[in-house]
Amino acid sequence: MHGLMMQPAFSIAALIRNADRLHGRTEIVSRTIEGPIHRYNYRDAHARSRRLANALRALGVAPGDRVGTLAWNGFRHFEIYFAVSGMGAVCHTINPRLFPDQVAYIANHAADKVLFVELSFVPLVEALADRLVSVAKIVVMTDRAHMPATRLPGVLCYEEIVEAASDVFDWPALDESTASSLCYTSGTTGNPKGVLYSHRSTVIHSLASAMPDAFCLSARDTVLPVVPMFHVNAWGLPYSAPMVGAKLVFPGAALDGASLQALIAAEGVTFSAGVPTVWLGLLAHLRDSGKGIAPLRRVVIGGSAAPPAMVREFRERHDVTVLHAWGMTEMSPIGTVNTPKHGMDETPEAEYARQVRCGRPVFGVEMKIVGDGNENLPQDGVAFGELKVRGPCVCRSYFEEGVSSAHDADGWFATGDVATIDGDGYLQITDRSKDVIKSGGEWIGSIDLENIALGHPGVAEAAVVGVPHPRWDERPLLVVVRRKDAAVTRDELIRFYDGKVAKWWIPDDVVFVDALPHTATGKLLKMQLRQDFKDHRWTETR
Ligand code: ADP
């Protein structure tokens with residue numbers, strides 16, 4: 001017997017329509033590439049999204065067509081999100097930090113028909129233009145006055161096509177499983193793979209991630225997505241903020257500490273989200289300048305492990321609660337968020353100890369850990385194995401890739417992460433399976449070792465990688481960027497591990513570098529570090 005309730009389809013257009021109706025005067029503020037701060041509200045954004053949908057239709061974009069973007073976080077990118085998905089086409093955000101070859105591969109693999117390009121990325125597209133086989137139209141995301149002199153043929157000006165179009169557009173009723181947006185994983189090994197989200201998965205993800213024990217978003221919040229809109233849809237914030245009616249603040253290309261501090265203070269930002277590297281920059285700036293980030297209450301840190309020293313600095317110096325989160329492109333991306341629950345009346349130290357972990361699954365996400373033979377392992381906080389997930393916001397296969405080896409017959413997706421899950425359901429990532437260090441037949445997790453190094457006052461950034469060793473197969477090598485003016489030494493750092501981990505986990509050696517390599521999504525590029533140090537000469541052999 002079926003229930004007798006209405007069943008309107010979940011749709012992305014409903015998010016902006018509701019924001020217009022209920023929060024029409026709530027602001028969207030953007031730092032622009034052209035220079036000035038732009039401000040308007042949800043009503044204006046909705047009207048311009050409808051104009052853009054008409055303009056796209058006039059350009060020949062049909063339901064299911066892919067529309068690419070190479071753009072920062074800003075109001076025009078936001079309008080593209082809603083115009084493209086709302087009309088039934090697929091918004092394909094491309095990460096401009098990828099190698100140009102990968103950008104071309106991704107745009108061709110997705111068969112993007114129209115490409116929206118921010119001013120800063122016009123040179124990139126000029127260099128690739130001959131190789132973009134499917135792109136029929138390029139739209140530069142600026143006004144007539146700022147249109148660049150370019151050799152790209154027939155480029156269009158964003159403001160011109162929007163202004164010329166009518167704002168009368170009825171969002172079509174779509175089946176909720178209609179594809180809405182497409183993101184590629186960064187593909188550190190092999191070609192990037194496309195994850196194709198639907199209206200349904202996007203709305204469910206927004207509901208789950210906005211909940212009080214996740215991001216706790218409300219119509220009184222001011223949300224600053226520092227995580228780029230080209231990195232897994234800025235972790236869903238361009239959808240969840242209008243869902244609840246939060247004010248949005250977009251940072252454009254200025255992700256340095258001084259620019260972020262200025263925006264947070266000027267706009268009254270209460271909530272933000274980003275990878276650890278951007279927070280390193282912000283915290284260093286706050287230390288040097290003595291400035292504050294007073295309105296800010298909550299910061300989501302994800303994409304890589306949140307270093308405990310960073311969690312502490314946010315709390316003790318700025319009264320900001322860190323929400324440690326874990327997720328993946330394949331999961332829309334939020335999998336877990338770390339908030340306490342009943343029975344956890346925590347002392348500050350107990351709270352820090354909890355926050356090292358990645359948190360509990362948001363509603364809809366199921367998790368388990370398995371051993372080498374795919375057998376379930378106990379969720380006791382001790383046993384560790386490969387993490388598998390499933391749920392309504394997890395991809396079931398990759399875009400145009402045929403059968404996926406990451407999915408098993410029971411519908412579980414293998415994340416490639418090694419993890420523990422404790423009795424309370426809290427997840428702890430030990431490592432990416434390919435980054436685990438194998439020493440004398442045992443595994444050493446690099447994340448714990450990095451977190452300890454980051455707790456030393458002389459360390460700005462740290463990576464631990466396994467390097468070939470004549471006796472132990474691999475041993476951990478600590479690679480460190482010193483903090484400005486710090487003189488910390490190798491021996492001091494090695495001693496710093498005493499009593500904090502088992503003796504055989506302690507890195508055998510330390511190398512100091514000026515900078516660490518990162519992937520296009522801000523993760524440590526460990527493959528390169530392993531390559532750089534594969535011939536490392538151990539100063540002391542065990
Ligand atoms: P990519 O496109 O590089 O795969 P994702 O954002 O999808 O980018 O990366 C997902 C991976 O990032 C996870 O599988 C995990 O290894 C890592 N990751 C994300 N959040 C955390 C976290 N809080 N702690 C440790 N690792 C994390």
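Counting convention: from 1, in listed order, for ligands and their atoms alike. Only this structure's heavy atoms are used, side chains among them; waters, hydrogens and symmetry mates stay out. Here the structure is a predicted model, which is why all the values come from computation and not from measurement.
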Ionic contact status for Glu450 with Lys526, cut-off 4.0 Å: yes
Numbered atoms of ligand 1 (with element) below 4.0 Å of Gly327, judged on heavy atoms: 10 (C), 11 (C), 13 (C), 19 (C), 20 (N)
Ring centres under 6.0 angstrom apart (His92, Tyr184): yes
Atom indices of ligand 1 within 4.0 angstrom of Arg432 heavy atoms, with elements: 13 (C), 14 (O), 16 (O)
Region of Thr329 that comes within reach of ligand 1 [heavy atoms, distance under 4.0 Å]: both
Polar proximity ligand 1 side, Asp417 side, N/O cut 3.5 Å exclusive: yes
Close approach of Gly303 to ligand 1, heavy atoms, under 4.0 angstrom: yes
Ala306 contact mode with ligand 1 (heavy-atom cut-off under 4.0 Å): neither
Cation-aromatic face contact Arg482/Phe512, 6.0 Å, 45 degrees: yes
4.5 Å side-chain heavy-atom contact, Val226 and Trp279: yes
Side chain to side chain donor-acceptor pair (under 3.5 Å) evaluation trace for Tyr352 with Glu346: CA-CA 9 Å; Tyr352 292 136; Glu346 296 173 319; over 6 Å; no
Within-shell test, Thr519 vs ligand 1, heavy atom, strictly < 4.0 Å: no
Option set Ala325, Gly302, Pro333, Gly359, criterion heavy-atom distance to atom 23 (N) of ligand 1, minimum: Ala325
Selection from Cys358, Pro192, Ala305 by shortest heavy-atom distance to atom 25 (C) of ligand 1: Ala305
Heteroatom distance test (Thr415, ligand 1): nitrogen or oxygen, under 3.5 angstrom: no
Leu525 side, atom CG; Leu516 side, atom CG - distance, nearest 0.5 Å: 10.0 Å
Per-atom contacts of ligand 1 with Thr521, taking only distances under 4.0 Å to non-hydrogen atoms: 3 (O)
N/O separation below 3.5 Å, Glu330 to ligand 1: no
Residue pair Val195 / Tyr398, side-chain heavy-atom distance below 4.5 Å: yes
Residue portion contacting ligand 1 (non-hydrogen atoms closer than 4.0 Å) for Ser304: backbone
Short side-chain donor-acceptor distance under 3.5 Å, Arg298 and Thr321: no
Check: Gln102 and Pro192 side chains under 4.5 Å, non-hydrogen atoms: yes
Phe250 and Trp72 aromatic centres sub-6.0 Å: no
Ligand-residue contact atoms, ligand 1 with Met328, heavy atoms, under 4.0 Å: 7 (O), 10 (C), 13 (C), 14 (O)
Distance filter under 4.0 Å to His231 heavy atoms, resulting ligand 1 atoms: 6 (O), 8 (O)
